[in-house]
Amino acid sequence: MRRPLVAGNWKMHGTRTSVAELLSGLLDACRNCRAEVAVMPSLVHLEQVFQALEGSEVVLGAQNCAVEPGQGALTGEVSASQLLDFSCTYVLVGHSERRQLLGEDDQQVVRKFSAVQSCGITPILCVGETLAERESDQTLNVVLGQVSAVLDALGVQAFSRAVVAYEPVWAIGTGLTATADQAQQVHAAIRQHVAAFDADVAEKLRILYGGSVKSTNAVELFAMPDIDGGLVGGASLNADEFGAICRAAGN
Ligand code: PEP
C-alpha cells in the first residue's frame, strides 16, 4: 500500500511575513492528515520553515540542488548535503520550469538525482510533455524517455528511494488540468515501464500528478489507481486550499 504524498512547491514566492502566515494556516489545515505532506519553500526561507515545522508531521523539501552532493566552489548553488543539514526529506529534480526556462537537460537531472540520493534524501523526479508533444502523440515517448534517462544511468533500484511526478508542461500554472483518465494513462505507463525492470520497485513507487491541482479536481485525480498524490504549485500558497487537497489525497 503506497502512502499518498502531497508536496507544495512554493516556487519563487513569499516574504518572511507571508511565509509565516501561510505556515500557521497550513499547519492547522494539515493536522492529522492521512497523506504525507511536504512543503518546498524558496531556499531563502528554508531556515524559517525548518524551525516552524519542528514537532509537526509536515516535512520539508527543496526545489532544486547542485549537481554535486558536497560543498565546494560553485557560486550561487546549494548542495544536497547542505539541504540535509535542514533535514530536507525531498528535493525536486527536473522540474519543467528548470528544463524549459533554464535549459536543464537529462544529464544534469541524473546528476542531481544521484546527488540527492547520495545524501540520503529522496528525489522527486519531474517528467512531462509539452502541448506540442502531446498533440503530436509523443507524450509517452517523452515521459518514458525522461524516466529512462535515470533508469539507464542509475539502475532500477534508484527508484526504490525516489518519487516520480508526472507534470504535463501545458498544465503547469495554466489552469488546464489533465483529465483523471489522461493522467492515469501516463501514470500506468510509467509504472509498467519501471515494472519491466523490477515489479516490486514499480509497485511501491509513488507517482504524483502535478499541473493545476485544486481542491475541485483533486478527489477525482487521486481516486485513480496509479495516482499517489500530487505536486501542487499555485494552490499550495493558500493554506485552506492546500489543506483540502491534502485531505483529498488521504481519503
Ligand atoms: C508545479 O509547479 O509543480 C505545479 C504543478 O504548479 P501548478 O500547480 O501551479 O500548476
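Bear in mind that the values here come from a model prediction, so they are computed numbers and not experimental data. Read the numbers this way: they start at 1 and go in the same order the structure lists the ligands and their atoms.
- Asp106 meets the salt bridge (Lys or Arg N to Asp or Glu O under 4.0 Å) test with Arg99; sequence neighbours excluded.
- For ligand 1, the 4.0 Å heavy-atom shell contains residues Asn9, Lys11, His95, Glu167, Ala171, Ile172, Gly173, Gly210, Gly211, Ser212, Leu231, Val232, Gly233, Gly234.
- Asp105 and Arg111 are not joined by a salt bridge, as no carboxylate oxygen comes within less than 4.0 angstrom of a charged side-chain nitrogen.
- With respect to Asn64, the side chain to side chain contact (heavy atoms under 4.5 Å, CB included) criterion is satisfied by exactly one of Lys112, His95, Glu97: Lys112.
- Under a cut-off of 6.0 angstrom, the local environment of CG in Asp152 is crowded, with over 12 non-hydrogen atoms contributed by other residues, nucleotides or ligands.
- Counting non-hydrogen atoms of neighbouring residues, nucleotides and ligands closer than 6.0 angstrom, the CD atom of Glu77 exceeds 12 such neighbours.
- Taking a cutoff of 4.0 Å between a charged side-chain nitrogen and a carboxylate oxygen, Glu203 and Arg2 qualify as a salt bridge.
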